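Lettering follows sequence order; numbering is per chain, from 1. Computed from a predicted model, the values in this text were never measured in an experiment.
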Protein chains: 2
Amino acid sequence: MDHLDEFDRHLLNLLSIDSRQTGKQLAEKIGLSPAACLRRVQRLRDIGAIEKEVAIVSPKVTGGLVTLLVMLELARGQPDLTDGLRRKLLKLPQVKKIYHVTGNADFVMILECASMEAYANLTEAHFYVDEIKGFDTIVVLRSYDPEPG
Amino acid sequence: MDHLDEFDRHLLNLLSIDSRQTGKQLAEKIGLSPAACLRRVQRLRDIGAIEKEVAIVSPKVTGGLVTLLVMLELARGQPDLTDGLRRKLLKLPQVKKIYHVTGNADFVMILECASMEAYANLTEAHFYVDEIKGFDTIVVLRSYDPEPG
DNA sequence: AACAGAATGCGAAATTATCGCAATTACGCG
DNA sequence: CGCGTAATTGCGATAATTTCGCATTCTGTT
């Protein structure tokens, strides 16, 4: 990955908060011409500094009214089994992210479910299996994202 | 939030994977004219179905070589103090997300730091304050995302 | 100090988004 | 059923944005 200067970092910062800014808007904020900004952005895409650009869809629309953090403790022993488990869990539409972590838990998952009952059903269907020794659920009351700045 | 039909859901799905598609591209995929697609997308933005559009920056670039989950336990008492704390933490570039949660912890934060030492410095600078009673750190060994599709 | 490579700004050309408008569709209500 | 209203569509035309070529400026090296 090539070298990035301050302009590049500034652009990445701006676009990571709002990727729909025009060259002109970017130009005013970082002090380059619109064309130079867009050339740099295109380059950032080409070299992979910008992995992708996506729309964040409201959980209300996706049906995810409840966000949950689940700490999964696995039965030790067979890496291939946990691999299969992980892949299975990642296929569930409620699963937004899985972290393999240190500590008591082996996995931390981020879920979005339509309701607590939907989550209860999910746990019954997927968490009471041999590979999983136990799990802790943390309910998210509210989430906060970094602000533009 | 208004009603969304199949076209809207299809658009949301497409844009949540790649928000940089032109009206023409969207039109070919969902079977409407480019103008109709873009009008619908604009409406999805207006009603908040699309919360925002962002660039995903490679962690290699952000310097985020280590991902951490931090469970913060706060000293109870003053909601305004914790509000200020939260806002302060959200301003740190390492902080990617803060969840206000149920359970022993009050906040769960997702951090990306350049190194464990950088994280140690961050804890020393920000976690040893009156508002924070204690914290637990979970190191992410690897993260997994759902596949598109 | 000279040179080569890279990046810049400017303006033209191409692509894309937005707007107005007439026609079509969807739908509630008499 | 049929009418009328409101919403949505497609089709240009217009406006905005991006992309490109090119001469110039900046950078770093020998």
Query raised in the report: Mind checking what makes side-chain hydrogen bond (donor to acceptor under 3.5 Å, both in side chains) contact with Glu112(A), not counting sequence neighbours?
Result: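 Counting only residues at least two positions away or on another chain, Glu112(A) forms no side-chain hydrogen bond (donor to acceptor under 3.5 Å, both in side chains).
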
Roughly how many Å is it from [atom1] in [X] to [atom2] in [N], rounded to a whole number?
X        : N       : atom1 : atom2 : result
Asp8(A)  : dA6(C)  : CG    : P     : 15 Å
Leu26(A) : dT17(D) : CG    : P     : 11 Å
Gln25(A) : dA17(C) : CD    : P     : 15 Å
Leu44(B) : dT8(D)  : CG    : P     : 11 Å
Lys24(B) : dT18(C) : NZ    : P     : 17 Å
Arg20(B) : dA17(C) : CZ    : C1'   : 13 Å
Leu15(A) : dT18(D) : CG    : P     : 11 Å
Leu38(A) : dA13(C) : CG    : C1'   : 15 Å

Requested in this report: Look only at the side chain of Glu51(A) and the backbone of Gly48(A), and say whether a donor-acceptor pair between them is shorter than 3.5 Å.
Outcome: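 A pair under 3.5 Å: no.
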
Report task. Output yes when a side-chain donor or acceptor of Thr102(A) lies under 3.5 Å from a complementary backbone atom of Val139(B), and no otherwise. Result ->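 The answer is yes, because a donor-acceptor pair under 3.5 Å joins these two groups.
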
Query raised in the report: Tell me, for nucleotides 7-12 of chain C in 5' to 3' order, what letter each nucleotide earns: B for a base near a protein heavy atom under 4.0 Å, S for only sugar-phosphate near one, - for neither?
Result: SBBB--

Looking at [X] and [Y], does any basic side-chain N land under 4.0 Å from a carboxylate oxygen?
X         : Y        : value
Arg40(A)  : Asp5(A)  : yes
Asp106(A) : Arg76(A) : yes
Asp8(A)   : Arg43(A) : yes

